[in-house]
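The block underneath contains the structure these notes are about, expressed in structure tokens.
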Amino acid sequence: QVQLAESAGGLVQAGGSLRLSCTASGFTFSTYDMGWFRQAPGKEREFVAFIRFNSLTLYYPDSVKGRFTISRDNAKNTVYLEMNSLKPEDTAVYYCAARATSGDWNAAGLYAYWGQGTQVTVSS
């Protein structure tokens with residue numbers, strides 16, 4: 001069964017850091033591009049990070065660029081999101097996702113598999 005299992009999120013003070021992980025099973029992780037998305041209550045799902053299957057291409061929106069870093073370890077079937085200098089507006093449920101087809105890196109519809117989501121709350 002295909003699964004993307006995310007680590008627990010947490011409660012962090014503004015300016016703090018948190019690292020999320022997402023471990024894949026049931027498909028060939030090393031051939032899939034990976035992304036992170038987030039969704040706050042009442043808002044649309046938002047793209048936050050992309051990494052090519054071979055780690056050679058990374059993309060971030062301006063809202064997180066310079067603060068968040070995506071990485072992956074294909075030997076462990078795991079993708080990470082390092083979040084630094086966190087702000088209250090980063091509060092959301094964070095999802096990892098996998099895609100097999102090349103295309104727009106920020107298009108949620110191209111991602112075939114999704115994690116269950118994990119809550120990240122940033123307090124002021």
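Please read these numbers as outputs of a predicted model, since none were measured by experiment. Count residues from 1 along the sequence.
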[atom2] on [Y] to [atom1] on [X], rounded to 0.5 Å:
X    : Y   : atom1 : atom2 : value
D73  : S21 : CG    : OG    : 11.0 Å
S30  : N54 : OG    : CG    : 10.5 Å
Y111 : F50 : OH    : CZ    : 5.0 Å

Identified side-chain contact (heavy atoms from CB on, under 4.5 Å) counterpart of T121 within the set L11, V12, L86
L11
Minimum heavy-atom distance between [X] and [Y], given as atom pair plus value:
X   : Y   : result
A8  : L20 : O-CD2, 4.1 Å
A49 : L81 : CB-CD1, 4.0 Å
L4  : A24 : CD2-CB, 3.5 Å
G9  : L18 : C-CD2, 4.1 Å
I51 : V79 : CG2-CG2, 4.2 Å
S17 : S85 : OG-N, 4.4 Å

With a 4.5 Å cut-off on side-chain heavy atoms, are Q119 and T91 touching?
yes
Measuring only between side-chain heavy atoms, which start at C-beta, is F47 closer than 4.5 Å to P61?
yes
Could you list the residues that satisfy salt bridge (charged side-chain N to carboxylate O under 4.0 Å, His left out) with K65, not counting sequence neighbours?
D62
Please confirm whether the backbone N or O of R52 pairs with a side-chain atom of R72, one donor and one acceptor, at under 3.5 Å?
yes
Taking Y60 for the side chain and I70 for the main chain, is one N or O donor matched with an acceptor at less than 3.5 Å?
yes
Are W114 and V2 co-members of a hydrophobic cluster defined by side-chain heavy atoms under 4.5 Å apart?
no
When hydrophobic residues are tied together by side-chain contacts of less than 4.5 Å, even through go-betweens, does V48 share a cluster with L58?
yes
Just do the side-chain contact (heavy atoms from CB on, under 4.5 Å) check on Q116 and Q3 with the steps written out, would you?
CA-CA 9 Å; Q116 79 281 4; Q3 187 176 49; over 6 Å; no
Do the side-chain N and O atoms of T118 and E6 include a donor-acceptor pair separated by under 3.5 angstrom?
no
Answer with yes or no whether the side chains of T78 and T23 bring together a donor and an acceptor at under 3.5 Å.
yes
Y113: which of F27, Y95, F29 passes ring pair (Phe, Tyr, Trp, His ring centres under 6.0 Å)
F27
For residues 32-42, which side-chain donor-acceptor pairs fall under 3.5 Å, sequence neighbours excluded?
unit_1, atom_1, unit_2, atom_2, d
D33, OD1, F53, N, 2.8
D33, OD2, R99, NE, 3.1
D33, OD2, R99, NH2, 3.3
W36, NE1, Y80, O, 3.4
R38, NE, E46, OE1, 2.9
R38, NH1, D90, OD1, 2.9
R38, NH1, Y94, OH, 2.9
R38, NH2, E46, OE1, 3.4
Q39, NE2, K43, O, 3.0

Set of residues satisfying side-chain hydrogen bond (donor to acceptor under 3.5 Å, both in side chains) with respect to S71, sequence neighbours excluded:
none
If you count the non-hydrogen atoms of other residues, nucleotides and ligands that lie under 6.0 Å from CD in E89, is the total more than 12?
yes
